[in-house]
**Student:** 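Take a look at the following structure, please.
Quick caveat, the model's predicted, so the values are computed rather than measured.
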Amino acid sequence: MQIERQPVIILVRPQMGENIGAAARAMLNFGLTEMRIVDPRDGWPNPKAVAMASGAAGRVLDAARVYPTLAAAMEGIDYAYATTARGRELTKPVFTPATAMAQARAHEGRSAIIFGPERTGLENDDIARANAIVTVPVNPDFPSLNLAQAVLLMGYEYGREILPPEPAPLARRSEAETPADRTEIERLGDHYDDRLSQAGFFFPETKAASMRLNMRNMWARLALTKGDVRILHGVLRQLTRR
């Protein structure tokens with residue numbers, strides 16, 4: 001899935017191909033495919049990046065564009081976020097990832113998220129070219145995030161209200177995992193009612209009606225799948241087999 005008007009991910013002076021590849025994987029996890037790379041230390045293309053990217057190589061790295069400077073990489077960008085825990089001496093808005101990406105989703109134009117080198121992060125000259133700063137509220141005793149982690153976190157915050165809200169969208173579930181409909185639940189209830197009646201479960205007669213009502217209410221409350229219903233039918237058949 002590719003998100004419309006997705007933000008551009010800009011990696012500034014990345015040092016290791018493996019980290020570029022891992023960042024590409026993190027991007028594609030959340031439907032982001034446009035990567036721009038500024039002055040990579042080990043040149044480009046980088047076979048280590050391709051190996052680490054795995055399935056994201058063709059979707060992200062093959063289309064990645066390389067620029068000599070961050071200024072050049074800002075081509076076509078209307079609003080840019082610099083990810084850093086520093087740069088507070090620069091007068092800029094400072095957002096959390098959640099707030100920044102909610103704002104990015106609302107932008108009419110193109111947004112960019114800028115990430116710095118692994119060892120030093122973005123320099124003030126880089127941060128100065130962004131409209132705002134994004135800082136992750138992490139443990140102050142250990143604030144370090146690696147490049148792929150930072151990209152993953154920003155990608156998640158951007159895609160959380162755009163991508164499917166369920167871990168396993170219905171279209172990808174097997175038939176057995178889909179919810180049972182009301183007719184299937186009714187038939188299951190009828191099956192149990194019939195077999196339990198034969199077994200003399202609803203006793204004494206004065207309480208039989210309320211017991212049946214409670215049983216029917218129980219079936220309606222349970223979030224059963226089609227597979228669950230089949231299993232419960234099978235259990236009852238086996239238990240009552242003569």
**Student:** Just by distance, no angles: are the side chains of S197 and D194 close enough, under 3.5 Å, to form a donor-acceptor pair?
**Tutor:**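 There is no such pair between these side chains.
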
**Student:** How long is the gap from CD on E177 to CG on D228, to the nearest 0.5 Å?
**Tutor:**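 The CD atom of E177 sits 10.0 Å away from the CG atom of D228.
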
**Student:** Please answer: with hydrophobic residues joined when any side-chain heavy atoms are less than 4.5 Å apart, are I20 and M16 in the same cluster?
**Tutor:**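 No, I20 and M16 fall in different hydrophobic clusters.
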
**Student:** How many angstroms lie between CE in M35 and OG1 in T33, if you round to the nearest 0.5 Å?
**Tutor:**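 Taking CE in M35 and OG1 in T33, the distance rounds to 10.5 Å.
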
**Student:** Given side chains that start at C-beta, do those of V136 and L145 come closer than 4.5 Å, heavy atoms only?
**Tutor:**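 Side chain of V136 against side chain of L145, heavy atoms only: contact under 4.5 Å found.
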
**Student:** Which label fits Y79 and H107: parallel for a plane angle under 30°, tilted from 30 to 60°, or perpendicular past 60°?
**Tutor:**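 Answer is tilted, since the angle falls between 30° and 60°.
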
**Student:** Using distance only, find each side-chain donor-acceptor pair of residues 44-53 under 3.5 Å and give its atom names and separation, not counting sequence neighbours.
**Tutor:**
residue, atom, partner, partner atom, Å
N46, OD1, K48, N, 2.9
N46, OD1, A49, N, 3.3

**Student:** Report yes if the side chains of H233 and E184 come closer than 4.5 Å at any heavy-atom pair, otherwise no.
**Tutor:**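 H233 does not reach E184 side chain to side chain.
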
**Student:** Hey, does the side chain of R13 reach the backbone of V38 with a donor-acceptor pair shorter than 3.5 angstrom?
**Tutor:**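 A pair under 3.5 Å: no.
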
**Student:** Could you pull out all residues at least two apart from D190 that satisfy side-chain hydrogen bond (donor to acceptor under 3.5 Å, both in side chains)?
**Tutor:**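 R216.
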
**Student:** Would you say that I10 contacts M74 through its side chain, given a criterion of any heavy-atom pair below 4.5 Å between the two side chains?
**Tutor:**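 Sidechains of M74 and I10: in contact.
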
**Student:** Quick one: pull up CH2 in W219 and CG in D193 and give me the separation to the nearest 0.5 Å.
**Tutor:**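 Here the rounded value is 11.0 Å.
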
**Student:** With distance as the sole test, does D39 use its side chain to make a donor-acceptor pair with the main-chain N or O of T69 at under 3.5 Å?
**Tutor:**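 No: the side chain of D39 does not pair with the backbone of T69.
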
**Student:** In Å, rounded to the nearest 0.5 Å, how long is the span from CG of N214 to NZ of K207?
**Tutor:**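 N214 atom CG to K207 atom NZ measures 11.5 Å (nearest 0.5 Å).
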
**Student:** Any heavy-atom pair between the side chains of R212 and M215 that's under 4.5 Å?
**Tutor:**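 No, side chains not in contact.
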
**Student:** A side-chain contact here means heavy atoms from C-beta on lying under 4.5 Å apart; do L232 and H191 qualify?
**Tutor:**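 Counting from C-beta outward, L232 and H191 never come under 4.5 Å.
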
**Student:** Could you tell me whether a side-chain N or O of S111 sits under 3.5 Å from a main-chain N or O of P7, the two making a donor and an acceptor?
**Tutor:**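 Side chain of S111 to backbone of P7, a donor-acceptor pair under 3.5 Å: no, none is there.
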
**Student:** Taking T135 for its side chain and T84 for its backbone only, find out whether a donor-acceptor pair lies under 3.5 Å.
**Tutor:**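 Judged by distance alone, yes, a pair lies under 3.5 Å.
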
**Student:** Are L239 and I231 linked, directly or through other ILVMFWY residues, by side chains that come within less than 4.5 angstrom of each other?
**Tutor:**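 Linked within one cluster.
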
**Student:** Would E118 and R41 count as a salt bridge (charged side-chain N to carboxylate O under 4.0 Å, His left out) if you check the C-alpha gap in whole Å, the side-chain angles of each, and the deciding distance to 0.1 Å?
**Tutor:** CA-CA 11 Å; E118 296 90 322; R41 183 190 68 181; over 6 Å; no

**Student:** Got N29 and L152 here, is their nearest side-chain heavy-atom distance under 4.5 Å?
**Tutor:**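 Of all side-chain heavy-atom pairs linking L152 with N29, at least one is under 4.5 Å.
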
**Student:** Identify whether the distance between the nearest side-chain nitrogen and carboxylate oxygen of R110 and E34 falls below 4.0 Å.
**Tutor:**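 Salt bridge between R110 and E34, a charged N being under 4.0 Å from a carboxylate O: yes.
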
**Student:** Distance check, rounded to the nearest 0.5 Å: I113 atom CD1 versus T83 atom OG1?
**Tutor:**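 Between atom CD1 of I113 and atom OG1 of T83 there are 8.0 Å.
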
**Student:** Answer yes or no: is there a side-chain heavy-atom contact under 4.5 Å between R36 and I77?
**Tutor:**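 R36 reaches I77 side chain to side chain.
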
**Student:** Is L70 close to I114 at the side-chain level, that is, under 4.5 Å between some pair of heavy atoms?
**Tutor:**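 Side-chain contact under 4.5 Å: yes.
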
**Student:** In Å, rounded to the nearest 0.5 Å, how long is the span from CG of N217 to CG of L222?
**Tutor:**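 Taking CG in N217 and CG in L222, the distance rounds to 9.5 Å.
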
